[in-house]
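Bear in mind that the values here come from a model prediction, so they are computed numbers and not experimental data.
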Amino acid sequence: MSKLYIVPTPIGNLKDMTFRAVEALKDVDLILAEDTRTSGKLLKHFEISTHMQSHHMHNEHKTVDAIIQKLKSGTTVALISDAGTPAISDPGFLLTRACIENNIEVDCLPGATAFVPALVNSGLPNDKFVFEGFLPVKKGRQTRLLLLAEETRTIIFYESPHKLVKTLGHFCEYFGEDRQVSVSRELTKLFEETIRGTAKEVLDYYTNKPPKGEIVVIVGGKNKPLKG
């Protein structure tokens with residue numbers, strides 16, 4: 001029977017690829033890849049010869065219907081992103097929803113996701129948290145920050161290296177300079193780094209040492225006032 005497999009891929013270290021993920025990618029009829037050039041290197045490393053098709057944020061609205069028809073015809077399909085678990089700040093939601101609406105089975109494999117190790121090693125409370133992903137670049141950014149300033153749960157953000165200093169500055173402005181922050185960079189890779197401290201301390205660090213690589217920012221929630 002047709003099935004869509006959501007398959008996580010390593011966020012840096014190829015040893016984080018699971019046996020089950022390799023097996024699934026070898027067994028399916030078609031792999032949907034965010035960037036076939038990037039995924040081509042991964043497939044070559046694990047000797048996977050399954051045919052690939054491009055599926056990314058710029059074409060997913062146009063390709064979903066055709067993929068659903070392939071699945072209905074009996075084709076088994078795997079969806080991968082450049083790194084991590086598809087649909088987490090990457091394409092995947094639209095296709096998953098369409099499969100569910102068409103009674104096509106969806107099987108999401110467990111595997112690499114950047115925010116989990118960043119959250120766990122931040123030292124900030126992780127019993128309750130909220131995933132924000134990327135903040136709006138311009139429109140709606142201030143409104144979002146004002147709302148999140150009152151959030152009491154730990155907050156998870158993704159950020160690009162060239163915008164990190166600006167974002168940390170906004171955290172100082174809207175959340176306060178003393179709010180606890182942890183920045184994890186290049187997780188699972190050779191130059192992996194986690195910097196922890198107040199928003200001001202972390203801002204000063206990266207102002208003097210411009211960051212590179214993939215970045216996850218963990219921000220402590222607003223402290224609840226003590227009841228008198």
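- Taking both residues in full, the closest heavy atoms of Met57 and Pro91 are given as N-CG, 3.5 Å, listed atom of the first, atom of the second, then distance.
- To the nearest 0.5 angstrom, Leu43 atom CG is 12.5 Å from Lys41 atom NZ.
- Follow the hydrophobic side-chain contacts under 4.5 Å out from Leu30 and you never reach Tyr5; the two are in separate clusters.
- For Glu101, the CD atom sits in a packed shell: over 12 heavy atoms of surrounding residues, nucleotides or ligands are nearer than 6.0 Å.
- In this structure, OG on Ser160 lies 6.5 Å from CZ on Phe134, to the nearest 0.5 angstrom.
- A 6.0 Å sphere centred on NZ of Lys189 holds more than 12 heavy atoms belonging to other residues, nucleotides or ligands.
- Other residues, nucleotides and ligands place more than 12 heavy atoms under 6.0 Å from the CD atom of Glu159.
- When all heavy atoms are compared, the tightest approach of Pro117 to Leu187 is CG-CD1, 4.2 Å.
- Thr113 contributes no side-chain N or O that, together with a main-chain N or O of Val116, makes up a donor-acceptor pair within less than 3.5 Å.
- Here the closest non-hydrogen pair linking Gly176 and Ala199 is O-CB, 3.9 Å.
- By the ring pair (Phe, Tyr, Trp, His ring centres under 6.0 Å) test, His61 pairs with no residue at all, sequence neighbours left out.
- Tracing side-chain contacts under 4.5 Å through hydrophobic residues (I, L, V, M, F, W, Y), one reaches Phe93 starting from Leu71; they form part of the same cluster.
- Smallest separation of non-hydrogen atoms from Ala78 and Val28: CB-CG2, 3.8 Å.
- In this structure, the separation between CG on Leu147 and CD on Gln142 is 12.5 Å, given to the nearest 0.5 Å.
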- [ ] Please step through side chain to side chain donor-acceptor pair (under 3.5 Å) for the pair Asp29 and Thr76, ending with a clear verdict.
- [x] CA-CA 5 Å; Asp29 302 310; Thr76 54; 3.0 Å; yes

Open item on the list: Run Glu47 and Lys26 through salt bridge (Lys or Arg N to Asp or Glu O under 4.0 Å) and show every step you take.
Closed with: CA-CA 9 Å; Glu47 300 180 344; Lys26 286 184 176 180; 5.3 Å; no

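- Residues Leu25 and Ile31 come closest through the heavy atom pair O-CD1, 3.8 Å.
- Between atom SG of residue Cys99 and atom CG of residue Leu94 there is a gap of 11.0 Å, rounded to the nearest 0.5 Å.
- Taking the side-chain contact (heavy atoms from CB on, under 4.5 Å) definition, one finds that Thr154 meets it with Leu119, Leu124, Pro125, Phe129, Ile218, sequence neighbours left out.
- Hydrophobic clustering places Leu79 together with Ile68 (ILVMFWY residues linked when any side-chain heavy atoms are closer than 4.5 Å, directly or through intermediates).
- Looking at heavy atoms from C-beta onward, Ile67 lies in side-chain contact with His55 at the 4.5 angstrom threshold.
- Under the 30°/60° scheme for interplanar angles, the aromatic rings of Tyr158 and Phe131 are found to stand perpendicular.
- Without hydrogens or angle criteria, Arg179 side chain to Gly220 main chain gives a donor-acceptor distance under 3.5 Å.
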Give every donor-acceptor pair under 3.5 Å between a side-chain atom in residues 6-17 and any protein atom, sequence neighbours left out.
residue: Thr9; atom: OG1; partner: Ser81; partner atom: O; Å: 3.3
residue: Asn13; atom: OD1; partner: Lys15; partner atom: N; Å: 2.9

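- Shown here for Ser182 and Thr194, the closest heavy-atom pair between the two residues is OG-CG2, 3.4 Å.
- The other members of the hydrophobic cluster of Leu203, by chain and number, are Val130, Leu135, Leu145, Leu146, Leu148, Ile155, Phe157, Leu164, Val165, Leu168, Phe171, Tyr174, Phe175, Val181, Val183, Ile195, Val202, Tyr205, Tyr206, Ile215, Val217, Val219 (side-chain heavy atoms under 4.5 Å, ILVMFWY only).
- Considering only residues two or more places apart in sequence or on other chains, Glu173 meets the side chain to side chain donor-acceptor pair (under 3.5 Å) condition with none of them.
- Lys200 is not listed as a side-chain neighbour of Asp178, based on a closest heavy-atom distance of 4.5 Å or more.
- Comment: Arg20 engages Asp107 in a salt bridge, judged by a side-chain N to carboxylate O separation of less than 4.0 angstrom.
- Here NZ of Lys222 is found 9.5 Å from OG1 of Thr152. Values are rounded to the nearest 0.5 Å.
- Two different hydrophobic clusters hold Val77 and Met52 under the rule that ILVMFWY side chains link at heavy-atom gaps under 4.5 Å.
- Residue pairs meeting the salt bridge (Lys or Arg N to Asp or Glu O under 4.0 Å) criterion with at least one partner in residues 51-77, sequence neighbours excluded, are absent.
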TODO: Walk me through it: do Ser39 and Glu34 pass the test side chain to side chain contact (heavy atoms under 4.5 Å, CB included)?
DONE: CA-CA 8 Å; Ser39 296; Glu34 188 177 2; 5.9 Å; no

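- To the nearest 0.5 angstrom, Glu201 atom CD is 10.5 Å from Glu177 atom CD.
- Using a 4.0 Å cut-off between charged side-chain N and carboxylate O, Glu186 and Lys212 make no salt bridge.
- Contact of the Asp90 side chain with the Asp82 side chain is not registered, since no non-hydrogen atoms from C-beta on lie closer than 4.5 Å.
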- [ ] Verify side chain to side chain donor-acceptor pair (under 3.5 Å) between Ser184 and Arg196, making sure each step is shown before the conclusion.
- [x] CA-CA 9 Å; Ser184 289; Arg196 308 172 185 87; over 6 Å; no

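- A donor-acceptor contact under 3.5 angstrom links the side chains of Thr167 and Arg141, judged on distance only.
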